[in-house]
Protein chains: 2
Amino acid sequence: MSVPPTYSDILAAARRLRGVSRLTPLLAGTALDDLTGGRILLKLEPLQVTGSFKVRGAYNALDSIEPARRSAGVVAFSSGNHAQGVAWAARRLGMPAAIVMPADAPRMKLDNTRALGAEVITYDRLTGSREAIAKELAESRGARLVPSFDDRQVIAGQGTAGLEIMNQAGELGLTPDQVLVCCSGGGLVSGCALAIREVAPHCQLYTVEPEGHDDARRSLASGRRERNPPGGSSLCDALLAPSPGELTFPIMHSLLAGGLAVSDHEVLTAMAWAWRELKLVVEPGGAVALAAVLAGRIDCRDRVTAVIISGGNVDPATFSAALALA
Amino acid sequence: MSVPPTYSDILAAARRLRGVSRLTPLLAGTALDDLTGGRILLKLEPLQVTGSFKVRGAYNALDSIEPARRSAGVVAFSSGNHAQGVAWAARRLGMPAAIVMPADAPRMKLDNTRALGAEVITYDRLTGSREAIAKELAESRGARLVPSFDDRQVIAGQGTAGLEIMNQAGELGLTPDQVLVCCSGGGLVSGCALAIREVAPHCQLYTVEPEGHDDARRSLASGRRERNPPGGSSLCDALLAPSPGELTFPIMHSLLAGGLAVSDHEVLTAMAWAWRELKLVVEPGGAVALAAVLAGRIDCRDRVTAVIISGGNVDPATFSAALALA
């Protein structure tokens, strides 16, 4: 178990990521402003290297490993976006990477991870334990296990998205009143919360999750780590962690305003909207925060609302289902 | 007939467009670098307001109209992207707009133009004369006709894309050796050529067109304005002008290196690539320059090549055809 990051860790991550990750656009002035009566700022992480924000935390974690320990490589488990982030970072830093992925992960995520040079080990998501497989693999190789959220450097890396949002909003003369962030284990939202409360202590952060997988929403309400019932599935393959992390939840609990949930249909509608209005490809899990705004799950009137669109790695068949609603 | 723009007109357009159009990303470090052995910089105009570069020229032209003449409004004819650009600029400047569009234009372009508050007059592309309809309309209303390419302010506005490319490449420490630009009437490519030769006189610009509609390529080769045979169609609805413009061609002839052409299949393949690798929605006409790189129509090895991806307004059915190749 790692220690929680501080604001300085996020600043250090931002320095590490300079010239490595992309400064993705913060889009203002879309049709959402008229729709909501507020100002909506969209952070476009599908345009990030590897097609999602995950490369921020992955690269920051790998680059934090002492050079002498790098040759043993890294091991990770991931439904796909962290997998690609770790594979990309490992290739860039010249380290071997082995990634444990569910056999039913989107084909694109499996293919991309392999194409980035990582060794991919698949397991059955309903019967296997990815944690156990990855742990055994890491121990047998002396490799470093890179968790997808419960890790100081991973959270710090994801927090750079929050830093960028505040800087880019500032360039527009704006300070977000509220920020909506998709949530699986809570790495992105807790990193962003640590970054944002430093410059805008009154800004309210909300998690957004798929209905039926709203463990963060329920945990924030009850004050303790609630779990989703096992075996469930969702269109949002990236947001299936059973509960908030050990390291992320205390940060979430102390800094977040609450949680929202959206339906699969609202997610597909948001993906279609992004296709039509933003010309952006968004994966289901990447669209939940946008879906919450479009579905009116939060009042944006007369407020500045930042929304993270977190990734765009989606298979053609799933994307076609969204396109049918466009 | 208008006079050709100068570099100062482009700088003036950039000032007018500040805070109006978006500084779209110039994306570096994509998979194209490994694929070509060169450095490829992608200018992402689907992320522009209205989903294409056309708003640059349209807004610049409308904002150049003396305030006393604005209430009579503007008239334009367009297959769709200029239509949306003019409609958007007119709404922003509080001017009425009437747009003459082919009845078989993509549904999205017709819908978006109407949604922006413009009056849309449709005509039969194979039998009607959009020029005649628009001219009569403008005369009867005392409205200003805003050509889609043969206009000093329109060309100057489109040239701001070229200015941005050079500035953004400069921030990466790069100067493009060559630039690929889609071409219909030549407004974008001639504006960009005027902007680029000022800072990089040795940079080579190429038009890219659909096969069978390669009037610019043939005109650049012969030195005079060649026409496409009438009645042809193409997947690239935005690139069907019959010949380079009167105003644009002299600029093209004196400043461009040559022209390239790509097939419909290469265009769909490029759209699928952009969907998968860039998470970007690109319309057929917007994908031709990218298609030329992917299809190996130009040598990019050891060179810096800037490619304009010009728009993303495409109907779901056409997009699905590309998705089937992804």
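A note on names: the letters A, B, ... follow the listed sequences, proteins ahead of strands, and every chain is numbered from 1.
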Go through the atoms of [X] and report whether side chain, backbone, both or neither lie under 4.5 Å from a heavy atom of chain A.
X	value
B:V314	both
B:A28	backbone
B:L172	neither
B:T50	neither

Inset, instruction - Please report the shortest heavy-atom distance between A:W275 and B:D315, naming the atom on each side. - result: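 For A:W275 and B:D315, the tightest heavy-atom pair comes out as CH2-C, 3.9 Å.
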Inset, instruction - Measure across A:L280 and B:V281 and return the closest heavy-atom pair with its distance rounded to 0.1 Å. - result: N-CG2, 3.9 Å
Legend entry - Check: A:G312 main-chain N/O paired with B:K279 side-chain donor or acceptor under 3.5 Å: yes
Inset, instruction - For residues A:L323 and B:L323, determine if any side-chain heavy atom of one lies less than 4.5 Å from a side-chain heavy atom of the other. - result: yes
Legend entry - Neighbourhood of chain A inside residues 15-26 of chain B, taking heavy atoms under 4.5 Å as contact: B:R22, B:P25
Inset, instruction - Could you tell me which of A:E277, A:E283, A:M108 has the largest number of non-hydrogen atom pairs under 4.5 Å with chain B? - result: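 That would be A:M108.
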Legend entry - From A:L47 atom CG to B:L278 atom CG, the distance as rounded to the nearest 0.5 Å: 8.0 Å
Inset, instruction - Step through the shown structure and confirm whether more than 12 heavy atoms of other residues, nucleotides or ligands are within 6.0 Å of CZ on A:R276. - result: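 For A:R276, atom CZ is crowded (more than 12 foreign heavy atoms under 6.0 Å).
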Inset, instruction - Flag the one option from B:A272, B:S320, B:P316 with the top tally of heavy-atom pairs under 4.5 Å to chain A. - result: B:P316
Inset, instruction - Sort A:V282 into side chain, backbone, both or neither according to what part of it lies under 4.5 angstrom from a heavy atom of chain B. - result: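 For A:V282, there is no contact with chain B at all, as no heavy atom is under 4.5 Å.
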